[in-house]
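Accompanying notes for the structure given below.
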Amino acid sequence: TCDGLMADFPTGHLPPHMVISTVSFECVGLEYAILLRALPAGATNWPQARRIMYVPMLLQAPFALVRLWWANGTNVNGLVQVGIYSRDGVRLATTGSVGQLGTSQTQSAAPTIGTVLLPPGFYYLALTGTDLTTRFLKGIVNARNVRQMGIFEDTPGIFGLPATATFGVNVSGWVPIFGISQHTLI
């Protein structure tokens with residue numbers, strides 16, 4: 001029984017962060033920190049034109065998705081698309097194609113369908129770029145560690161995030177920095 005002394009003490013889970021990135025606790029942040037590479041390692045060219053990277057994310061509380069964002073590198077070129085998928089690989093939201101603007105800074109766009117309320121659950125964040133010279137901020141690990149983190153890749157024949165994801169084996173040795181936000185400004 002409760003004697004009332006702790007009745008106002010929070011129980012259950014902590015509220016989600018207002019901004020979540022691929023190296024946040026909700027994604028692969030813990031694993032990334034264990035590999036002693038807790039800070040981004042700079043910018044790199046996208047590994048292959050049209051490649052899609054899928055990074056796992058676990059939400060423990062509802063999340064009002066207002067913006068999807070990514071961290072541009074030292075060169076901007078081509079189009080970017082960011083989205084979120086269900087555990088089953090069904091696309092739930094996307095930015096649509098957005099021209100990459102602003103070197104060495106974050107860029108964001110609203111989901112094409114407006115604000116999306118994501119219930120607690122398992123998801124995949126997805127990022128793709130049109131061009132090999134599209135640069136993103138990233139953290140370096142090796143391909144084996146990236147696979148162990150549950151990050152997948154796909155290289156479809158055309159640019160864009162498909163309605164249904166194909167989770168292929170990851171051969172890249174880095175984690176792009178991108179994510180979701182409950183804020184309009186990121």
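These numbers come from the heavy atoms of this one structure, side chains and all, not from hydrogens, waters or symmetry mates.
Within the 4.5 Å cutoff, side-chain heavy atoms of P56 are placed close to those of I151. Between F152 and R147, every side-chain heavy-atom pair lies at or beyond the 4.5 Å cut-off. In this structure the side chain of V82 reaches within 4.5 angstrom of the side chain of V80, judged on heavy atoms. The side-chain heavy atoms of C27 and I20, taken from C-beta on, include a pair separated by under 4.5 Å. In this structure, the side chains of L58 and F25 stay at 4.5 Å or more apart for every pair of heavy atoms. Side-chain contact check for M57 versus I180: some heavy-atom pair is nearer than 4.5 Å.
With sequence neighbours excluded, the residues that form a ring pair (Phe, Tyr, Trp, His ring centres under 6.0 Å) with Y54 are Y85, F167. Every residue two or more places apart in sequence or in another chain that forms a side-chain contact (heavy atoms from CB on, under 4.5 Å) with S21 is listed here: V23, S24, W69.
The other residues sharing a hydrophobic cluster with L79 are F159, where clustering joins ILVMFWY side chains under 4.5 Å apart.
In this structure, S181 and V19 approach most closely via the heavy-atom pair OG-CG2, 3.7 Å. Heavy-atom minimum distance, G160 versus I52: O-CD1, 3.6 Å. Shortest non-hydrogen contact noted between M53 and F178 is O-CZ, 4.3 Å. Summarising the geometry of M18 relative to F63, their closest heavy-atom pair is O-CZ, 3.8 Å, with the distance given to 0.1 Å.
Screening residues 152-162 for salt bridge (charged side-chain N to carboxylate O under 4.0 Å, His left out) gives R51-E153 as the qualifying pairs, with residues at least two apart or on separate chains. Identified under the salt bridge (charged side-chain N to carboxylate O under 4.0 Å, His left out) test for residues 84-94, with sequence neighbours left out: none.
Counting only N and O atoms by type, the side chains of T74 and R135 include a donor and acceptor under 3.5 Å apart. No side-chain N or O of Q105 forms a donor-acceptor pair with one of N72 less than 3.5 Å apart. Between R67 and S108, the side chains place a donor N or O and an acceptor N or O closer than 3.5 Å (distance only, hydrogens not considered).
For the atom pair CG of L68 and OG1 of T95, the computed distance is 6.5 Å after rounding to the nearest 0.5 Å. Here the straight-line distance linking atom CG of L127 with atom CG of L125 works out to 9.5 Å at 0.5 Å rounding. In this structure, the separation between CG on L59 and CD1 on I84 is 6.5 Å, given to the nearest 0.5 Å.
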Would you tabulate the side-chain donor-acceptor contacts of residues 112-124 under 3.5 Å, counting partners in other chains and residues two or more places apart, or write 'none'?
| from | atom 1 | to | atom 2 | distance (Å) |
| --- | --- | --- | --- | --- |
| T112 | OG1 | T94 | O | 3.4 |
| Y123 | OH | P119 | O | 2.6 |

side-chain contact (heavy atoms from CB on, under 4.5 Å) between T128 and L161: does it pass, once the steps are laid out? CA-CA 7 Å; T128 187; L161 295 176; 3.8 Å; yes
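When atom types are taken as modelled, the side chain of T106 and the backbone of A71 share no donor-acceptor pair closer than 3.5 angstrom. For the pair Q107 (side chain) and G99 (backbone), a donor-acceptor distance under 3.5 Å is present.
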